Number of protein chains: 2
Amino acid sequence: MDNTTRQQLVETTSRLLEAQGYHGTGLNQIIRESGAPRGSLYYYFPDGKEELAAAAVAEQGERMRDFTVAVLSQVADPAEAVDRVMAGMIEHFSASHFCGGAPLAAVALETAARSARLRTTCAAAYNELIAAFAAKLTAGGYPEIRAARLATVIVAGIEGAVILSRTQQSVEPLTRLREELHILLGCKVERM
Amino acid sequence: MDNTTRQQLVETTSRLLEAQGYHGTGLNQIIRESGAPRGSLYYYFPDGKEELAAAAVAEQGERMRDFTVAVLSQVADPAEAVDRVMAGMIEHFSASHFCGGAPLAAVALETAARSARLRTTCAAAYNELIAAFAAKLTAGGYPEIRAARLATVIVAGIEGAVILSRTQQSVEPLTRLREELHILLGCKVERM
DNA sequence: GTCTATATGACGATAGAC
DNA sequence: GTCTATCGTCATATAGAC
């Protein structure tokens, strides 16, 4: 079984979904840009577009989590570690010409109410990413409840800041989030 | 000139864009659900779908800002005022069966790289919303630079938390953001 | 596994009557 | 201002040869 064609399809789909969303991306474009034969698409993904998109979403989720875990493990202090993740995100976003950074957001918004399969796949990917942040924060001494809460807010903040940054064609929303996260993670607070 | 038909078109488009995004919403569905005649669409919006969507985005932006300003003006303390906005958002999101809450996010993500008209319309709407929060924070004593930064982070957090909440079909991401924003707004910090 | 050809329907947009 | 009919294009999906 040749996995190259399949991988090419998933790779191209991931890239296009990130920039254009689910309904904005057609199979014709995926086939054209991946160089994969049309017949192979339905061979590897019998359920068609939805199954292919789900595979792309899952892979993008893994990629985000792997990147995050790798960066977080470079520094012991959680606040500093999250700051490095933000720096990496900002760098990646700048390099993408203001098109990248939130690979799942558009698909999640478009399909949450229409496709249970894509919704749950997105949810699983987000939950793993949140869990990665939460684990780092817990290991760094934050109480578990607050660590979970902060992790959710970090991921939400990133997704939202990417929306604003893309829309404004500027990294400023992301850099502002970076600075405020640094402050927020420094807040040891009684109320939890 | 009869504005009822036009208003019906914009209203219906706003609702559908919020739930399905730009490419996921067809003119046929807009015409069917609005009850507006097909001919009227191109009479009021000669540029077709893009112009209609821009009008819907602008109106949703105004609506968000008006709602935010109204709630913020109810309480003097900025942290408490933002908390009330969050409460209102959560209530609205719950009432929408996990489909509402970020009327512009999907359109912004899908079209940022494809339509200058829609991108700038989204940017203007977001900027007005951010400005509303920033004004309240500045009036409440936050330094201007930090107020602007906090305002951006609040809006970004809301957009991202709505993505997570829709995907998980739960208000928890939004409530977690609400709690952390309360903490963040309590942080008077040297670093600005 | 891959290819081409095609089925079937939805899309955005337009023309011309009224 | 509204309505209907229709154009041309695109979409996803499938069938059958190789």
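Just so you know, these numbers come straight off a predicted model, no measurement behind them. Note on naming: letters A, B, ... go to the chains in the order of the sequence lines (proteins, then strands), and numbering restarts at 1 for each one. Computed from heavy atoms alone, side chains included, the values below leave out hydrogens, waters and symmetry copies.
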(message) Is it the case that the side chains of A/Q7 and A/E59 hold a donor-acceptor pair, with the cut-off being a distance below 3.5 Å and no angle test?
(response)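 A donor-acceptor contact under 3.5 Å links the two side chains.
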
(request) Give a yes-or-no answer on whether the side chains of A/S115 and A/E50 include a donor-acceptor pair shorter than 3.5 Å. (result) yes

What is the distance from atom [atom1] of [X] to atom [atom2] of [Y], rounded to the nearest 0.5 Å?
| X | Y | atom1 | atom2 | value |
| --- | --- | --- | --- | --- |
| A/R119 | A/C122 | CZ | SG | 9.5 Å |
| B/S165 | B/I90 | OG | CD1 | 8.0 Å |
| A/I30 | A/K49 | CD1 | NZ | 7.0 Å |

Given atom [atom1] of [X] and atom [atom2] of [N], what is their separation to the nearest angstrom?
| X | N | atom1 | atom2 | result |
| --- | --- | --- | --- | --- |
| A/Y43 | C/dT4 | OH | C1' | 19 Å |
| B/E51 | C/dA13 | CD | P | 11 Å |
| B/L41 | D/dC3 | CG | C1' | 13 Å |
| B/F45 | D/dT2 | CZ | P | 12 Å |
| A/H23 | C/dG12 | NE2 | C1' | 16 Å |

(message) Can you give me the closest heavy-atom contact between B/V85 and B/L72, atom names plus distance?
(response) CG2-CD2, 3.6 Å

(request) Going by the side-chain hydrogen bond (donor to acceptor under 3.5 Å, both in side chains) test, name the single residue among A/T120, A/T152, A/N127 that passes it with B/Q168. (result)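 That would be A/N127.
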
Give every pair of a protein N or O atom and an N or O atom of nucleotides 11-15 of chain D that lie under 3.5 Å apart, one pair per line with the distance.
from, atom 1, to, atom 2, distance (Å)
D/dA11, OP2, A/N28, ND2, 2.3
D/dT12, OP1, A/L27, N, 3.2
D/dT12, OP1, A/K49, NZ, 3.2
D/dT12, OP2, A/L27, N, 2.7
D/dA13, OP2, A/Y42, OH, 3.0
D/dA13, OP2, A/K49, N, 3.1
D/dA13, O5', A/Y42, OH, 3.4
D/dA13, N6, A/R38, NE, 3.1
D/dA13, N6, A/R38, NH2, 3.4

(message) Check this for me: does any side-chain nitrogen of one of A/E180 and B/R146 sit under 4.0 Å from a carboxylate oxygen of the other?
(response)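 Here A/E180 pairs with B/R146 in a salt bridge, since their nearest N and O are under 4.0 Å apart.
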
Polar atom pairs between nucleotides 16-18 of chain C and protein, under 3.5 Å, N or O only, would you list them?
none

(message) Quick check on C/dT2: is either OP1 or OP2 less than 4.0 Å from any side-chain nitrogen or oxygen of A/T5?
(response) yes

